[in-house]
**Q** 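Before I ask anything, here is the structure I am working with.
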Amino acid sequence: MRNGKLLTLAIESSCDETAAAVMEEGRSVLSNIISSQIDIHKQFGGVVPEIASRHHLTNVNTVVDRALEEAGAAMDDVDMIGVTCGPGLVGALLIGLATAKAYALATGKPLIGVHHIHGHICANYIEHGELEPPFTALVVSGGHTNIVEVTGYNECRVLGGTRDDAAGEAYDKVARVLGLGYPGGPLIDRIAADGDPAAVEFKRVFLEKGSFDFSFSGIKTGVLNYVNSEKQAGREINVADVAAGFQAAVLDVIVAKTLKAATDMGKDRIVMAGGVAANSRLRAMMEEGCAERGLKLYYPSPVLCTDNAAMIGCAAYYRYMAGDRDDLSLDAIPNLEL
Ligand code: KG4
Ligand code: ZN
């Protein structure tokens, strides 16, 4: 507690970002430190779990110290310690969790485990002061693709999810096929802007009528088959056109299902979250779809779309306010359900 306000120290380490933040009263960011391992994993074309864990271990204490220092806060000022407990890479999660538990044990502060997706959704509260539940959320990241009906700060219902690859995973895999590098999302986002989305058409996979589920593994194979057949025929590939065609096929489905979910559930607000929510074409398509239907659209700035601890601190605050507490038996659950 400082100046009568609750402070949260939060830690996030579910994938390849070691992050710590200090939040004031849930929605106000005092510090948000992110140590990214992208340059380390780039050479392997994706995240190598063992390497990620090792780097989390090396960095986590420094990242926490920097978060406290930048917030001008002492450990004594902190009222709760929030930490991502799943889903994610188990070895990576365990480092953040062990650190949070050690601080909780040493200081006697309450420990609060946060679901990573709950955190992504909460990123929107940080920048949109007026936003409150209920709303429909689209969570699109490297590990998740979900349409969620958010009914309260701590209550939600999953309407649909991916049956195979996550949206961001599809972006990363297709970028690799096209030789663009890692992470693929931002690279495809950029290059697709110069391409013609109708030049190379890929199948839109809507699954059964009324389903809010997704399937993106077929499109990755579709791109791979297209690239191989063009190569075999000795034809030059227009990477921008293929990227634009891929992106259009993925986003047409995501946007249509999200808009339908909001309309079916009678919600007048849509919230986007996760790394892919930083995508410029997705934002433009959702802006247009929402404007046509009189829906209000919210999304965080790119730094709060991708993994960070500020969003985890915000989610921890709402759990704390609801009286939720965890103890030192809190475990890392790689496939934790929402
Ligand atoms: O939320 P996040 O940092 O990690 C997970 O929880 O998975 O999301 C990372 C994912 C990666 O797959 C990355 O390629 C994708 O988000 N991404 C994007 C963009 N920026 C990041 N995808 C499409 N367009 C972008 N601008
Ligand atoms: Zn994430």
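When reading the values below, keep in mind they use all heavy atoms of this one structure, side chains included, and skip hydrogens, waters and symmetry mates. Atoms within each ligand, like the ligands themselves, are counted from 1 in listed order. In this chain, numbering begins with 1 at the start of the sequence shown. Nothing here was measured: the structure is a model prediction, and the numbers come from that model.
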**Q** Assess, by modelled atom type and distance only, whether the side chains of Ser217 and Asp165 contain a donor and an acceptor separated by less than 3.5 Å.
**A** no

**Q** Quick one: CG on Leu9 to CD1 on Ile112, what's the gap to the nearest 0.5 Å?
**A** 11.5 Å

**Q** Can you list every pair that meets ring-ring contact (aromatic ring centres under 6.0 Å, His included) and has a residue in residues 251-294, with sequence neighbours left out?
**A** none

**Q** At what distance is the nearest protein heavy atom to atom 21 (C) of ligand 1, and which residue and atom is it?
**A** Gly275 O, 3.4 Å

**Q** Could you grab the distance from atom SG of Cys290 to atom CD1 of Ile270, nearest 0.5 Å is fine?
**A** 4.0 Å

**Q** Starting from atom 24 (N) of ligand 1, what is the nearest protein heavy atom, named by residue and atom, and what distance separates them?
**A** Asn279 ND2, 3.0 Å

**Q** What residue and heavy atom of the protein are closest to atom 12 (O) of ligand 1, and at what distance?
**A** Asp172 OD2, 2.8 Å

**Q** Answer yes or no for Arg281: is there a heavy-atom contact with ligand 1 below 4.0 Å?
**A** no

**Q** Quick one, Tyr153 with Tyr317, criterion ring pair (Phe, Tyr, Trp, His ring centres under 6.0 Å). Give me CA distance, side-chain angles, the key distance, then yes/no.
**A** CA-CA 10 Å; Tyr153 283 107; Tyr317 169 82; 8.7 Å; no

**Q** Hydrophobic clusters join Ile, Leu, Val, Met, Phe, Trp and Tyr when side-chain heavy atoms are under 4.5 Å apart, directly or via other members; which others share one with Val29?
**A** Met23, Ile34, Ile126, Val303, Leu304

**Q** Using a cut-off of 2.8 Å, how many protein N, O or S atoms lie below it in distance from the Zn ion (ligand 2)?
**A** 3

**Q** Which residue and non-hydrogen atom of the protein lie closest to atom 18 (C) of ligand 1, and at what distance in Å?
**A** Gly185 CA, 3.5 Å

**Q** Tell me if a side-chain donor or acceptor on Arg27 pairs with a main-chain N or O of Gly129 at a distance below 3.5 Å.
**A** yes

**Q** Please list, in number order, the atoms of ligand 1 under 4.0 Å from a heavy atom of His116.
**A** 6 (O)

**Q** For ligand 1, find out whether one of its N or O atoms is nearer than 3.5 Å to an N or O atom of His120.
**A** yes

**Q** Give a yes/no verdict on whether any heavy atom in Cys15 is under 4.0 Å from an atom of ligand 1.
**A** no

**Q** Enumerate the atoms of ligand 1 whose separation from the nearest heavy atom of Ala278 is less than 4.0 angstrom.
**A** 26 (N)

**Q** Do His120 and Asp307 meet the criterion of a side-chain donor-acceptor pair at a distance under 3.5 Å?
**A** yes

**Q** Enumerate the salt bridge (charged side-chain N to carboxylate O under 4.0 Å, His left out) contacts for residues 70-85, please, sequence neighbours excluded, ordered by first and then second residue.
**A** none

**Q** Taking heavy atoms and a distance under 4.0 Å, where does Asp189 meet ligand 1: side chain, backbone, both or neither?
**A** side chain

**Q** Would you call the rings of His116 and His144 parallel, tilted or perpendicular if under 30° counts as parallel and over 60° as perpendicular?
**A** tilted

**Q** Mark up the atoms of ligand 1 that fall under 4.0 Å of a heavy atom belonging to Gly168, in ascending order.
**A** 12 (O)

**Q** Any idea which protein heavy atom is nearest atom 2 (P) of ligand 1, and the distance to it?
**A** Asp307 OD1, 3.4 Å

**Q** To the nearest 0.5 Å, how far apart are CD in Glu17 and CD in Gln37?
**A** 8.0 Å

**Q** Drop me the distance from Ile254's CD1 to Met272's CE, to the nearest 0.5 angstrom.
**A** 10.0 Å

**Q** Tell me the protein heavy atom at minimum distance from atom 9 (C) of ligand 1, and give that distance in Å.
**A** Gly142 N, 3.7 Å

